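Some notes on the structure that comes next.
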Amino acid sequence: MLIINCPYCGARPEVEFRHAGEAHVARPAGTESLTDEEVVDRLYFRSNPKGMTVERWRHVHGCGRFFNAVRDTVSDFFVTTYKTGEPKPDLEALKAGAAK
Amino acid sequence: MSFRKAAGGRIDRNKPISFSFDGKTYQGYAGDTLASALLANGVHLVGRSFKYHRPRGILTAGIDEPNALVGVGKDDAHYTPNLRAPVIELYDGLKAESQNRWPSLGFDIGAVNDLLLSRFIPAGFYYKTFMWPKSFWTKVYEPKIRAAAGLGRAPETPDAARYTQVYQTTDILVVGAGPAGLSAALSASRSGKRVMLVDEQAEMGGSLLHNLTEVIEGKSASEWVADALTELKANPKVTLLPRATAFGYYPHNFIGINERLTDHLANPPANLPRERQWQVRAGEVVIAIGSLERPLVFPDNDRPGVMMAEAARAYVNRWGVLPGRRAVIATAHDSAYRVALDLKAAGIQIATIADLRGDVSGELVSAAEAAGIRVQRGAVITGTRGRKRITQAHVARIQPNGTAAAPEAIACDLLLMCGGWTPSVHLFSQSRGKLTFDEALQAYVPGQSVEKERSAGACRGLFDLGAILEDGWKAGADAAAAVGGVVAPFRVIDVKGSVKESGGYLGALPHGRNVNTVKAFVDFQNDSTAKDIKLAVREGMRSIEHVKRYTTTGMATDQGKTSNMNALGIVADTLKTPVPAVGLTTFRPPYSPITFGAFAGLARGDLFDPLRKTPSHDWATRAGAAFEPVGQWMRAWYFARPGEDMHAAVNREVKAVRSSVGMFDASTLGKIEVVGPDAAAFMNLLYTNAWTKLGVGKCRYGVMLREDGFVMDDGVVGRLAEDRFHVTTTTGGAPRVLHHMEDYRQTEFPHLDVWLTSTTEQWAVVAVQGPKARDVVRKLVGDFDLSKEAFPPMSVAETAIACVPGRLFSVSFTGEIGYELNVPADYGAALWEAVFEAGREFGITPYGTETMHVARAEKGYIIVGQETDGTATPDDVGLGWAVGKTKPDFVGKRALARPAMSAPDRKQMVGLFTEDPKVVIEEGAQIVLDPNQPVPMKMVGHVTSSYWSPTVGRSIAIAMLRGGRARIGETVYIPMPEGTIAAKVVEPAFYDKEGERLNG
């Protein structure tokens, strides 16, 4: 069972958390002018990379807060977590750091 | 116990024990295992093999045992099949039985598989045979072949034992209490850190417990173990867990440990669980799980009396048992010479040592020869004799070209084999560490770590006792340092009597016999032979993962502990590639079989899943209600009176609601309080409806979409104040809806000042529905003006209900005048009784979920999850009116604007009237337009709700039909096994379409 570092509560076991999909995907707001293709892309297409991926998680059995995380899909391990609203980390830099 | 030594061993000769095997009573001693006690009684034949039903004996002295599987238990409720005899601790009255034989172990009909049918059971048998005809799969292959080939029988009564689970953290976890593990625990514990030491055996010490040769720091091995354990036990920061198997290594040093507490006791105390599953999170892990001896692969290497060499040494030294009188030893490794010397000292005649190696020499070989033991160099076993017990071993010289010469038959009752030692890398591999192949050792050893762990001793390829002890010490100290402990100084551990040992062999041996008729077993438990593996390679398997699945080698309950490396050797040899090029199968938990009970723990029966009861549950039980589970809720389904079946009860309940008044426990409705200055703005974004203009004290039916535009939930929402909404959700949807709302509140609309609280558990809800509902409720609300002018449908008010502060809603899910009475949950049962009393004069009728469903279907009200399936838009289910067209934004708005979301051929909600009004269609049935078209027919819709309607006096159904609204008036068909049903498409509302009764 993984240990996940909630940016608000600290390190807690995986069972306290719930996955909430890919991070940094903007919702197709009704106020935006988007083509149907752009809407479909935002709704249905996800990057699914091998390696570093950015995800949303919720500390559902804890503080209840949503946050973002970088996880390595090869090792399954979390690389870092950060609060909602904070910028997406530089994945290339994280990769370089992980390779060291 | 004619095969028991007069003295010696770690058994307690003052405590004789009586036990039975296959109905026959035997004697053993406290400290015996079932295997050692059977061997002491001269019993070698203990089981029949999986496929060929060949007689099998006890091969090993530990958890790697593939043959000696037995069922143990006083009765069916305490029965466990497939236990390994070498690890079953003996207790008085133990009852064990052999498996996979009929009618008896000695005479087994299934043995025909071996003598006559084995050429029909080649490698890949399952894949080659179970192919056609398809019907044979379930009718012949599964039942017949499974019955003939197999392991023990599963008990049929519920397990009477209790299992518990415990969570624990520790600074350092040491797995294995052999020499490396004990040494690691000593150094780690001296650092002041918390240490857990776990070992699968009853007694800690591992191989030291049968080591009578070596002297550690001036003490015998057993004295050294005793002193180490004394020190560890005295340390309050050390936890010793014997009889505990670390079965799984999970991410971030999370280790699953199965502790067995009562299986060794004749009369276990009632307060003790049978097993305790430890889930341990460790700062650092030291893996010290030793190594396993490999068999040699020669023809008929599976007869009872064929045993691993070191196992025989353990039986002699640790349990004082003579596994035979005259032994032949076949080896490729020096360690078998030490076995020979110990056995000879115990009085066992060593007929010969047949060593594969042509030029073997060294201290141990010289010692064996000096003791008068015949040593044959460059010699191989080419066969054995003796069906239920070995009588002969055939020893042949290996000729310069690698083939076997004509053999010499040597009489024996014990054949010991040693193909070398395989480091146990199971836990390391489970931790996802990278294994590397050690060419010198011809074995896989731990390489790069992923977790905070280190391996020590034989499991990383060390075999010299002094080196193992020092390696363990260092590993324990390093682990302690890594968690910030005081580091114990390095310790040189002096060991006398050690001799450097080497050797080993992987793969099958030459035998010079007909390869088509001999069986040289690689995997004893799954009956896979060298021939099978070679055949798999010939048939195109290259990866060991494919060979494994094709031949089932390594796939038995022992997970190939004794077989994997020999299988690799055979594949490598056949392909003429180096062993590492063949690959290695993945090690997965559990290391050894674990009971299901340990994983279930206390989560059985009532504790399996929480059961949620409504406030009226006890009342309904007394009233004879039938219940149905709805998620975790147990809800009253219908209230049958004496003599009524469900149909009659529902008809009566529906009629009561339509003609008088009914009451229904609606407490399971999800409830969320949405509060804050921006509550209305938030509601506008989360629901399709417009909320800004909803007055305080008014309700509105709300529809919630996902971002993709499909209906997610619905419910009535009441506005209690400018900044406060009482939101209801579907019974099953409450957690999902709150999660969805929280998601948007936190991440998309964080600028809105609003907060959300789940109040599902806070409010008990009684729905009062029917023409007399107002008369009933009026009696409960004091001066509150219930008139339709003051409190029209879709109103909400905070007022006293049955003298309790409550929330009163005028809402209807039946189409009749209706109220939903909310009071704090603790008053729910009292409110239910108060409503029933108030309604008595009107003949109030309690009704259940079935009547609720029928009544709402008569009105064409949808149920989210029944009419919708995650692909329905609001318009598809006739809720287009609830979508706020002028709102700039709401969740799902943009997706709804996609052309596909309003395509005319989408499935739309319609009603169906069967041609025969008495026929009630099955829910889920598929709809076609032309019943005479060839199969597969083009399906154009499906039935979502279908009932007998007592109000309309005929069957009614709701369906989702392609372009359905344009088909009203047409006839469609529902093909069923009993015949095709014709039905007319109608409006999806069957009663009081204009809604006049609501305003009554």
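Lettering of chains follows the sequences in order, A, B, ..., and the numbering in each one begins at 1. Just so you know, these numbers come straight off a predicted model, no measurement behind them. What you see below is based on every heavy atom in this structure, not just the backbone, and it leaves out hydrogens, waters and symmetry mates.
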With a sphere of 6.0 Å drawn around [atom1] of [X], does it hold more than 12 non-hydrogen atoms of other residues, nucleotides or ligands?
X        : atom1 : answer
A/Phe45  : CZ    : no
B/Lys693 : NZ    : no
A/Tyr8   : OH    : yes

Could you give the distance from [atom1] ([X]) to [atom2] ([Y]), rounded to the nearest 0.5 Å?
X        : Y        : atom1 : atom2 : result
A/Met1   : B/Asn253 : CE    : CG    : 13.0 Å
A/Arg27  : B/Lys893 : CZ    : NZ    : 11.0 Å
A/Arg18  : B/Asp743 : CZ    : CG    : 9.0 Å
B/Glu707 : A/Arg42  : CD    : CZ    : 9.5 Å
B/Phe254 : A/Glu14  : CZ    : CD    : 9.5 Å

Note: A/Ala29 and B/Asp889 closest approach over all heavy atoms is CB-OD2, 3.8 Å

- Query: B/Glu748 versus chain A, heavy atoms under 4.5 Å apart: side chain, backbone, both or neither?
  - Reply: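 For B/Glu748, the contact with chain A is made by the side chain alone.
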
Under 4.5 Å to a heavy atom of chain A? For B/Tyr249 that would be neither

Fill in: Cation-pi geometry met for B/Arg745 and A/Phe66 (6.0 Å, 45°)
no

[X] versus [Y]: any side-chain heavy-atom pair under 4.5 Å?
X        : Y        : result
A/Thr84  : B/Gln746 : no
B/Tyr250 : A/Leu2   : no
B/Pro899 : A/Asp36  : yes

For the backbone of A/Val40 and the side chain of B/Arg898, can you confirm whether one donor and one acceptor N or O come within less than 3.5 Å of each other?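 The answer is no, because no donor-acceptor pair under 3.5 Å joins these two groups.
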
Using non-hydrogen atoms and a 4.5 Å limit, figure out which bit of [X] sits close to chain B: side chain, backbone, both or neither.
X       : value
A/Ser33 : neither
A/Thr31 : both
A/Leu43 : side chain

Among B/Arg432, B/Gln279, B/Arg281, B/Lys887, the residue with the most heavy-atom pairs under 4.5 Å to chain A is B/Arg281

Using a heavy-atom cutoff of under 4.5 Å, enumerate the residues of residues 734-741 of chain B that contact chain A, numbered in order, or state 'none'.
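So the qualifying residues are B/His739.
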
